[in-house]
Amino acid sequence: MAEITAALDEGGANTLFNAALSLVPLPPQSGSASFGPFVASYTASASFVHGSIDLIAPNTVRVANLRLNWHVSLSFGIDLNSFLPSFCLPQVCVDIPCVGRVCTPRVCISWPTITVPVSLGDFVEATADFGLDIALVGGQWRVRAVVQNVSQLQFGPATAGMLVLIGLAITPLLLAIPFIGPFVAIAVNAILAAIGVAGLLGFLGPIVSPFVSGLVIPIYNQPQHFQVLPAAGPNDPAVFVTLDSVTAAIQSTDEDELVLGVDISA
């Protein structure tokens with residue numbers, strides 16, 4: 001039996017974990033991805049808000065309604081050559097006396113690549129299961145909750161508005177294309193509508209999920225050589241103990257508790 005035992009019920013675990021979540025650093029993510037016939041480079045940032053803790057014996061910490069606020073800045077582009085037919089001016093040839101047959105060069109028009117910036121912020125919720133990880137690292141005992149699996153991400157209601165934002169941003173640029181602008185704008189917006197919310201979520205999921213997939217929440221950190229009493233004078237030195245072992249588990253009796261056990265020696 002451990003010489004020192006500390007227990008935390010679900011109410012205390014909610015306080016501990018939500019405080020720890022707010023301190024978890026989430027470096028910005030950047031990259032590029034395809035969205036139907038479109039391409040986009042992106043920069044994404046996020047921060048955790050809260051979650052509801054459920055302690056499940058023997059070693060699972062379930063965080064329900066784990067809420068992540070996120071913001072994505074996109075450079076959204078469409079290469080019109082990918083779906084518009086090529087257009088070439090007809091070649092004209094004439095026969096000129098003493099010169100012979102002379103033809104105008106064949107001139108083809110290359111359609112532009114349209115790029116627009118689009119920014120959107122919303123939230124996403126998930127349920128995540130964490131396992132307990134106990135290790136002695138560099139003379140420091142640490143207990144962490146490490147994410148094991150995450151259920152399907154549930155995006156907030158504002159996310160679907162991203163399709164409207166893209167359409168509003170790109171339509172004026174398409175309308176400015178001589179002769180065929182209105183037709184291209186209608187075609188692009190029809191493609192966006194066909195992709196729909198399901199396609200949009202499939203695009204956003206890989207951008208947002210890395211913020212959750214590698215999540216580690218610190219629970220306990222303590223030096224192995226631990227000072228319990230400061231020095232009281234030249235003949236009364238500080239008192240240290242050694243934490244020989246640390247255990248952590250979820251125990252279920254009359255209530256579920258996160259229990260830490262520590263064995264010490266002088």
Side-chain angles (χ1 to χ4, degrees), residues 20-51 63 65-84 110-128 130 146-177 181 184-217:
L21 272 174
S22 65
L23 299 176
V24 172
L26 296 178
Q29 305 284 333
S30 61
S32 60
S34 60
F35 181 50
F38 312 109
V39 294
S41 58
Y42 64 85
T43 299
S45 59
S47 61
F48 285 107
V49 181
H50 59 69
V63 185
N65 302 317
L66 177 60
R67 181 162 174 163
L68 180 78
N69 287 347
W70 56 269
H71 183 272
V72 174
S73 296
L74 297 171
S75 179
F76 184 84
I78 177 170
D79 182 2
L80 298 181
N81 289 294
S82 64
F83 67 94
L84 289 180
S110 179
W111 302 111
T113 296
I114 303 296
T115 302
V116 296
V118 178
S119 294
L120 178 69
D122 199 5
F123 69 87
V124 62
E125 289 189 350
T127 295
F130 293 77
V146 180
V147 69
Q148 295 179 326
N149 61 76
V150 179
S151 67
Q152 182 178 0
L153 302 176
Q154 300 292 327
F155 285 86
T159 300
M162 185 173 179
L163 291 172
V164 177
L165 289 176
I166 294 172
L168 290 175
I170 205 168
T171 295
L173 299 178
L174 297 176
L175 290 175
I177 299 175
V184 176
I186 292 172
V188 169
N189 280 279
I191 292 172
L192 290 173
I195 292 173
V197 175
L200 175 63
L201 299 185
F203 168 71
L204 289 174
I207 296 176
V208 175
S209 60
F211 291 112
V212 182
S213 61
L215 184 58
V216 175
I217 302 175

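Excluded from the calculations below are hydrogen atoms, water molecules and symmetry mates; all remaining heavy atoms, backbone and side chain alike, are included. Predicted model, so just to flag it, every value in this text is computed and none were measured.
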Any side-chain heavy-atom pair of Val146 and Phe130 under 4.5 Å: no
With Thr127 via side chain to side chain donor-acceptor pair (under 3.5 Å) - residues at least two apart: none
Spatial distance of atom OG (Ser45) from atom CH2 (Trp70) [nearest 0.5 Å]: 10.0 Å
Closest non-hydrogen atom pair between Leu26 and Ala46, with its separation: CD1-O, 3.5 Å
Minimal non-hydrogen separation, Ala158 against Leu120, with atom names: O-CD1, 4.0 Å
Asn149 vs Val147 side-chain heavy atoms within contact, under 4.5 Å: no
Closest non-hydrogen atom pair between Leu21 and Gly51, with its separation: CD1-N, 4.4 Å
Donor-acceptor pair between Asp122 and Thr159 side chains, under 3.5 angstrom: yes
Whether Phe35 and Phe76 hold their rings parallel, tilted or perpendicular, with breakpoints at 30° and 60°: perpendicular
For the student: nearest non-hydrogen atoms of Ala20 and Ile217, plus distance: CB-CG2, 3.5 Å
Could you give the side-chain donor-acceptor pairs of residues 185-212 under 3.5 Å, partners two or more places apart or in another chain?
residue : atom : partner : partner atom : Å
Asn189  : ND2  : Thr171  : OG1          : 3.0
Asn189  : ND2  : Ala185  : O            : 2.8
Ser209  : OG   : Gly205  : O            : 3.0

Straight-line distance of Arg67 CZ to Ser47 OG, nearest 0.5 Å: 10.0 Å
For Val116, the option from Ile78, Leu168, Leu173, Leu165 that meets side-chain contact (heavy atoms from CB on, under 4.5 Å): Leu173
Student check: side-chain heavy atoms of Phe123 and Val49 closer than 4.5 Å: no
From Thr43 atom OG1 to Leu74 atom CG, the distance as rounded to the nearest 0.5 Å: 9.0 Å
